[in-house]
Every structure is written in C-alpha cells, then in structure tokens.
**Q** 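Have a look at this one.
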Amino acid sequence: MNKLGRTLLTTTALGATALAYAAGIERRLWALRQATVPVLAPGSSPLRVLHISDLHMMPGQVSKQRWVAALDELEPDLVVNTGDNLAHKQAVPAVIRALGPLLNRPGAFVFGSNDYYAPRPKNPARYLLPSAKTKRIHGIPLPWRDLRAAMVEHGWLDLTHARHSFTVGGVDVFAAGLDDPHLKRDRFDEISGPVPDAGLRLGVTHSPEPRVLDPFAAEGYDLVLAGHTHGGQLRIPGYGALVTNCDLDRSRARGVSRWGSHTWLNVSAGLGTSPYAPVRFACRPEASLLTLVPRPVDAGQRRSGAQRGTRLGVDGNVR
C-alpha cells in the first residue's frame, strides 16, 4: 500500500472512531455545568438556579430520565426549563418522570420548536448551514398542551409572553419570557414595559436570538436563560462550536457571557439531540447549576445598555 493509501485508510479509521464515540458514548455522558454569576441586587442571599433545556426526550431514554430526576439532590431554589422537551408524540410521560421531584420545587418554563412539532429526517449536512439558508419543514404536532398542563398543575409558571413576580430563597424575582424565536413566535412587545425593582430580573427564551437579547438588556434584565444551540453539538477542540443554529455568535454557544453593560446570558448546551442526528462531539449533554450572588455595588446603577459585551470568564466547570 502506498503512502496516499495509508493516509486515506488512517483518516477513514479516525473518522469512524470519532463517529462511533460521538454517537455511542458522548451523547450519553451527562454533565453538570456550574457557574457563579453576580446578578442579584446588593444585599441579596445567594440563589441556586437549575437550568434545564433541550431534553429532546424519547420514551425509552431511561438513563436520561434517571439522571435528570437525580438533579433534585442539588436542592435548587428555582428550576427554569427553556424548552425542546419532546422528540416523540408519546414522550410526555417520560419528561414528567425525568422532571419528577423537581416539579415539587419552584419552577418556570417556555417552550421550543420541538415541543410544538416533532423532528423530521433531513440531510445531516444541513446542520452546518446557517439557519437562514435552510427551509424549515415542521413534523407532526406534539402534545405540548399536555406537558404544559402537567407543569402548571405542579405550580410551575408558564412564562410564554407572560410576566410574573414571585419570591424564592428569600429573593424577590421578576421574570418574563417569550415564545420560541426560532419559529418566529416571539412578540417582545407583549412583555415590554417598565420592569419593577426586584432582587433578580430574569428573562427566559428558548432560542438566544440577538433580536430578543437586545431588548431584554435594554429594559434592564439582570439575567437571560436560553437553550436551543446544543452548545454547537459538534465542537472542534481549540476552535469551539461550528454553528449555533441561530444568529448568536459561536463564542456564546454554551455557558455564561455578558450581553451589554448589565445583563448576563446563560446558554445551556442541553441534554439531548434530534433522533435523526444522535451525535455529540467535544460537547457533552448538560444541565446548568447557576449560583447567583449579589453584583458589585457600583454595578447596581447600570440597569440598562443594549451594547453587546464580550464573553467573560466565570468560575464555571463541568463535571
């Protein structure tokens, strides 16, 4: 065999090994990403927020259900779910089993496209194209109303185009959320308006589109939680995410960053994948545990500012 043949053989073998790892191992390596974020009003007690997103649950995914249910042992003060829970028309019971004990804690949610419509088979290469250049074709409708009813019955707040004030962990929270920007269902004007003083002003959306992050920042929200990106799902070590599947820049595909002079953003890499693209590489499926602490006193004067900041380091980690 000549040198070219050996090179091609080696490249093919490495590619097959990477694909086998991405499809058979890493997509089930559940991880917890932790970060401390200085967003609370000065003098507030720390608040532990568990951020769950993009379960893309199938009925038979027992390992994922058990791992998510065990997150209750973290004893979060608040659970926020940023959508894309379903991947099958019979997956609602599986999602409820996964959320299980967490539903007994204070919680809030919005939905994503894969709560409304099932995924469809498509060319995997489309994943690498900018979302604006792909034609979106919906799958069959999913029973999102049943999922919503179960969450609301347990006391979780539906933040879809809604504003709510509540107290958790001794912190007064004002929260507002949007319907899925990925489906262009967002209507920020329905939640726009004076934002009351609170220990935490929280914005919630499924897809972290800059067009919705900017008004959240302009109206003085302290923290915005989002999912959708899967962290890029396929990442190259040293380079990062290949795409974000939205207009968010690749550097923010997962984790905590600044958005403007005041607002912080956490994008969850999520816990699932489409059943038609069941791979993750250098991007473990994850939930986020955010310990919110008071911001510096001088930052308390900066309640607005839509200019986008750069990504800053925080003491986050994945285990």
**Q** Can you name the nearest heavy-atom pair linking Arg235 to Pro237, along with the distance?
**A**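 Closest approach of Arg235 to Pro237: O-CD, 3.7 Å.
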
**Q** Report the distance from atom CG of Asp72 to atom CG of Leu50, rounding to the nearest 0.5 Å.
**A**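 Going from CG on Asp72 over to CG on Leu50, the span is 9.0 Å.
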
**Q** Evaluate side chain to side chain donor-acceptor pair (under 3.5 Å) for Asn266 paired with His51, printing each intermediate quantity in order.
**A** CA-CA 9 Å; Asn266 185 66; His51 180 190; 3.0 Å; yes

**Q** Run the salt-bridge test on Asp197 and Arg201 with the 4.0 Å N-O cut-off and return the result as yes or no.
**A**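 So Asp197 pairs with Arg201 through a salt bridge.
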
**Q** Is the shortest distance from a Lys or Arg side-chain nitrogen in Arg105 or Asp77 to a carboxylate oxygen in the other one below 4.0 Å?
**A**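 A salt bridge is absent here (no side-chain N lies under 4.0 Å from a carboxylate O).
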
**Q** OG of Ser165 to CG of Asp172: how many Å apart, nearest 0.5 Å?
**A**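 One gets 8.5 Å once the value is rounded to the nearest 0.5 Å.
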
**Q** Cation-pi check, Arg185 to Tyr116: give yes when NZ or CZ is under 6.0 Å from the six-membered ring centre and within 45° of the ring axis, no otherwise.
**A**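 Yes, Arg185 sits over the ring of Tyr116.
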
**Q** Which atom pair, heavy atoms only, marks the closest approach of Ala176 to Arg163?
**A** CB-CG, 3.8 Å

**Q** Using 0.5 Å steps for rounding, measure from the CG atom of Leu47 to the CG atom of Leu290.
**A** 10.0 Å

**Q** Between Ala98 and Met57, what is the shortest heavy-atom contact and its length?
**A** CB-CE, 3.8 Å

**Q** How long is the straight-line distance from CD of Gln90 back to CG of Leu142, given to the nearest 0.5 Å?
**A**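 Leu142 CG to Gln90 CD: 11.0 Å, rounded to 0.5 Å.
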
**Q** Heavy atoms only: give me the nearest Asp180-Phe111 pair and the separation to one decimal.
**A** CB-O, 3.7 Å

**Q** Are the aromatic rings of His182 and His206 close, with centres under 6.0 Å apart?
**A** no

**Q** When rounded to the nearest 0.5 angstrom, what distance separates CD in Gln65 from CD1 in Ile96?
**A**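 CD1 of Ile96 is found 11.0 Å from CD of Gln65.
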
**Q** So, the side chain of Arg145 versus the backbone of Arg148: is there a donor-acceptor pair under 3.5 Å, distance only?
**A** no

**Q** Check the hydrophobic clustering (I, L, V, M, F, W, Y; side-chain heavy atoms under 4.5 Å; chains of links allowed) and say if Val293 and Val37 are grouped together.
**A** no

**Q** For Trp259 and Asp214, does a side-chain donor sit closer than 3.5 Å to a side-chain acceptor?
**A**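 Judged by distance alone, the side chains do pair up.
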
**Q** Could you see if Leu103 belongs to whatever hydrophobic cluster contains Leu74? Use Ile, Leu, Val, Met, Phe, Trp, Tyr and a side-chain cutoff under 4.5 Å.
**A**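 Yes, same cluster.
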
**Q** Any donor and acceptor pair, going by atom type alone, linking the side chain of Gln233 with main-chain N or O of Cys283 inside 3.5 Å?
**A**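 Side chain of Gln233 to backbone of Cys283, a donor-acceptor pair under 3.5 Å: no, none is there.
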
**Q** For the residue pair Trp67 and Trp30, categorise the inter-ring angle as parallel (less than 30°), tilted (30 to 60°) or perpendicular (more than 60°).
**A** tilted

**Q** How far apart are the C-alpha atoms of Asp54 and His228, what are their side-chain angles, what is the distance that settles it, and do they pass the side chain to side chain donor-acceptor pair (under 3.5 Å) test?
**A** CA-CA 7 Å; Asp54 296 85; His228 178 71; 5.3 Å; no

**Q** Report, as yes or no, whether the 6.0 Å neighbourhood of atom CZ on Arg250 holds more than 12 heavy atoms from other residues, nucleotides or ligands.
**A** yes

**Q** Quick one: does any side-chain atom of Arg284 pair with a main-chain N or O of Leu29 as donor and acceptor, under 3.5 Å?
**A**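 Yes; at least one donor-acceptor contact below 3.5 Å.
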
**Q** When you measure from the side chain of Arg254 to the backbone of Ser251, do you find a donor-acceptor pair of N or O atoms at a distance under 3.5 Å?
**A** no

**Q** Search all heavy atoms of Pro106 against all heavy atoms of Trp156 and return the closest pair with its distance.
**A** C-NE1, 4.1 Å

**Q** Against Leu86, only a single residue in Asn114, Leu147, Asp146, Leu55 fulfils side-chain contact (heavy atoms from CB on, under 4.5 Å); can you say which?
**A** Leu147

**Q** Please report the interatomic distance OG(Ser53) to CG(Leu271), rounded to the nearest 0.5 Å.
**A**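 That separation rounds to 8.5 Å.
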
**Q** Is it true that a side-chain atom of Ser44 and a backbone atom of Ala41 form a donor plus acceptor pair closer than 3.5 Å?
**A**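 Yes: the side chain of Ser44 pairs with the backbone of Ala41.
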
**Q** Taking Val62 as the starting point, is it possible to reach Leu99 by hopping between hydrophobic residues whose side chains are less than 4.5 Å apart?
**A** no

**Q** Go through the steps to decide whether Ser192 and Glu219 satisfy the test side chain to side chain donor-acceptor pair (under 3.5 Å), and finish with yes or no.
**A** CA-CA 8 Å; Ser192 182; Glu219 296 199 356; 2.4 Å; yes

**Q** Are Met58 and Val279 connected, step by step, through hydrophobic side chains (Ile, Leu, Val, Met, Phe, Trp, Tyr) whose heavy atoms are closer than 4.5 Å?
**A**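 No, it is not one cluster - the side chains of Met58 and Val279 are not joined through contacts under 4.5 Å.
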
**Q** Counting distance only, does the side-chain N/O of Arg27 pair as donor-acceptor with the main-chain N or O of Arg280 below 3.5 Å?
**A**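 Not a single qualifying donor-acceptor pair exists.
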
**Q** Treating Ser268 as the side-chain partner and Gly270 as the backbone partner, does any N or O pair qualify as donor plus acceptor under 3.5 Å?
**A**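 Such a contact is found between Ser268 side chain and Gly270 backbone.
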
**Q** Work out which heavy atom in Ser207 is nearest to a heavy atom in Val212; give both atom names and the distance.
**A** O-CG2, 4.1 Å

**Q** Got a donor-acceptor contact below 3.5 angstrom from the Gln34 side chain to the Ser288 backbone?
**A** no

**Q** Does Asp158 reach the main-chain N or O of Thr160 with its side chain, forming a donor-acceptor pair under 3.5 Å?
**A** yes

**Q** If you measure from the Lys or Arg side-chain nitrogens to the Asp or Glu carboxylate oxygens, is any gap between Glu286 and Arg33 under 4.0 Å?
**A** yes

**Q** Is the gap between the ring centers of Phe166 and Phe174 under 6.0 Å?
**A** no

**Q** Look at Asp247 together with Arg211 and state whether they make a salt bridge at an N to O cut-off of under 4.0 Å.
**A** no

